[in-house]
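Below: one structure, written as structure tokens.
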Amino acid sequence: AAHGGFNSAAPGEVGACFGARAPEATGYTGFANSSSPALFDAAVSNHVDDHEIDAILRKQQEQACEATQRLTILEQRHALCNNHEKNSNEPLVKRIGKTIGVIPSAPTAEAQILPFEKILKLLLASLKGQFQQDIHRQKCASPVPFNSATQGYHPMFYVSKERKLVKHNELFDGIPVRYQGFTKSTIWFSKEMPRYGIVARRMQHQSRMKQKNVTEQDMASKAALFFHVFEGSSYVLIERSSPADEVNKSNLARYIVESAAKFVQIWPSNR
């Protein structure tokens, strides 16, 4: 595929870590039965916006690299403080607060965030096994992966069920996260294709993840500091049989398109 375009990959079995599976979708009728196939095909095959997505990714990578450098400073400062207070019984949250108070917030430009319209396009394309070329793909929505090439965390990635993707093991360098439940999610539908939309769930702190050569306490500190620098969301594709259908958070699960990839993005926090 051309730079910034889509790569095709045959869909595979759902992996054990493929997001948080919702109850089986009883209301999903499938795109093959869609009353607007032309719109769907246009969303998948029309690549005029690919370069725009690619440009946002490049800017996100720059911002993620800068934010990761700031996170590294916070981690180093926190480790130094811990060495001076080895016998301290203070809660982790209080010790993290001291670290944050020492390091001034770095002024950053407005965070680049991929808009809902673009995320919808990516999720629709994933139904045909097509993925934006330079966006990372992995089998699990956690951890947030580290990009050794840019020396920053991947600002966006697919959660895909392709067979060739393997579950990351203890050697994987990333930040463990979890996501808010659907009751606290944001529901959005496209104006151009009102049958299709996405559900966004905010990323949250998750310290319960073991990694080789990293103690549980160190991982808890690392994850807590991460959320003083970054924030993020996960996104799933939804489809309703008619734009007149009322989709709310109580019946949301039945509209989720389980065969589509999921999507995650992070960005520097302005806190």
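What's counted below: heavy atoms across the whole structure, side chains too, no hydrogens, waters or symmetry copies. One is the number of the first residue; the rest follow in order along the sequence. Treat the numbers as computed from the prediction; the structure is a model and nothing was measured.
- Taking all atoms of both residues into account, the shortest heavy-atom contact from Pro194 to Pro243 is CG-CG, 3.7 Å.
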Legend entry - Evaluation steps, side chain to side chain contact (heavy atoms under 4.5 Å, CB included), between Leu57 and Leu114: CA-CA 8 Å; Leu57 173 61; Leu114 200 64; over 6 Å; no

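- Atom-to-atom distance recorded for Gln61:CD and Glu66:CD is 12.5 Å, nearest 0.5 angstrom.
- For the pair Arg201 and Phe182, the distance from NZ or CZ to the six-membered ring centre is under 6.0 Å and the angle to the ring normal is within 45 degrees.
- Put simply, the side chain of Ser259 reaches to within 4.5 Å of the side chain of Leu127, judged on heavy atoms.
- Remark: Ile266 CD1 to Ser234 OG distance equals 13.0 Å, nearest 0.5 Å.
- Contact of the Met193 side chain with the Leu120 side chain is registered, since non-hydrogen atoms from C-beta on lie closer than 4.5 Å.
- In plain terms, the two heavy atoms of Pro268 and Phe230 that are nearest each other are N-CD2, 4.1 Å.
- The ring-ring contact (aromatic ring centres under 6.0 Å, His included) test applied to Tyr153 returns Phe146, Phe226, not counting sequence neighbours.
- Taking all atoms of both residues into account, the shortest heavy-atom contact from Tyr179 to Ala141 is OH-O, 2.6 Å.
- Interatomic distance, Leu237 CG to Ile119 CD1, rounded to the nearest 0.5 Å: 11.5 Å.
- In this structure, the side chain of Gln69 does not engage the main chain of Gln151 through any donor-acceptor pair within 3.5 Å.
- Comment: Asp134 engages Arg58 in a salt bridge, judged by a side-chain N to carboxylate O separation of less than 4.0 angstrom.
- Not one N or O on the side chain of Gln60 forms a donor-acceptor pair closer than 3.5 Å with the backbone of Ala111.
- Ser142 contributes atom OG, which lies 11.0 Å from atom CZ of Arg178 (distance to the nearest 0.5 angstrom).
- A search for side chain to side chain donor-acceptor pair (under 3.5 Å) contacts involving Ser148 returns nothing, not counting sequence neighbours.
- Among all heavy-atom pairs drawn from Phe157 and Cys140, the shortest one is CE1-O, 3.9 Å.
- Lys184 meets the side-chain contact (heavy atoms from CB on, under 4.5 Å) test with Gln180; sequence neighbours excluded.
- By the side chain to side chain donor-acceptor pair (under 3.5 Å) test, Asn251 is found to be paired with no residue, residues two or more places apart in sequence or in another chain being considered.
- Closest of all the heavy-atom pairs between Ile238 and Ile187 is CD1-CG2, 4.0 Å.
- Legend: residues meeting side-chain contact (heavy atoms from CB on, under 4.5 Å) with Thr183, ordered by chain and number and at least two apart, are absent.
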Legend entry - His154/Val144 under side chain to side chain contact (heavy atoms under 4.5 Å, CB included): CA gap, chis, key distance, verdict: CA-CA 7 Å; His154 280 281; Val144 175; 5.7 Å; no

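- Atom CD in Gln130 sits 10.0 Å away from atom NZ in Lys121 (nearest 0.5 Å).
- You'll find the ring centres of Tyr196 and Phe189 outside the 6.0 Å limit.
- Proximity of a side-chain donor or acceptor of Lys262 to a complementary backbone N or O of Leu123 within less than 3.5 Å is not detected.
- With contacts defined as side-chain heavy-atom distances shorter than 4.5 Å, the pair Lys249/Val199 does not qualify.
- Residues passing the side-chain contact (heavy atoms from CB on, under 4.5 Å) test with Ser233 are Arg202, Tyr235, Trp267, sequence neighbours excluded.
- Counting only heavy atoms from C-beta outward, the side chains of Asp54 and Gln132 approach each other to under 4.5 Å.
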Legend entry - Residues Val229, Thr68; criterion side chain to side chain contact (heavy atoms under 4.5 Å, CB included); working and verdict: CA-CA 8 Å; Val229 177; Thr68 301; over 6 Å; no

Inset, instruction - Step by step, work out the side chain to side chain contact (heavy atoms under 4.5 Å, CB included) result for Leu252 and Val247. - result: CA-CA 6 Å; Leu252 183 59; Val247 180; 3.8 Å; yes

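- Side-chain atoms of Pro145 and His136, non-hydrogen and from C-beta on, do get closer than 4.5 Å to each other.
- Shown here are the side-chain contact (heavy atoms from CB on, under 4.5 Å) partners of Glu117, two or more places apart in sequence or in another chain: Pro115, Trp188.
- Between atom CZ of residue Arg240 and atom CZ of residue Arg254 there is a gap of 14.0 Å, rounded to the nearest 0.5 Å.
- The nearest pair of heavy atoms linking Tyr255 to Glu246 is OH-O, 4.2 Å.
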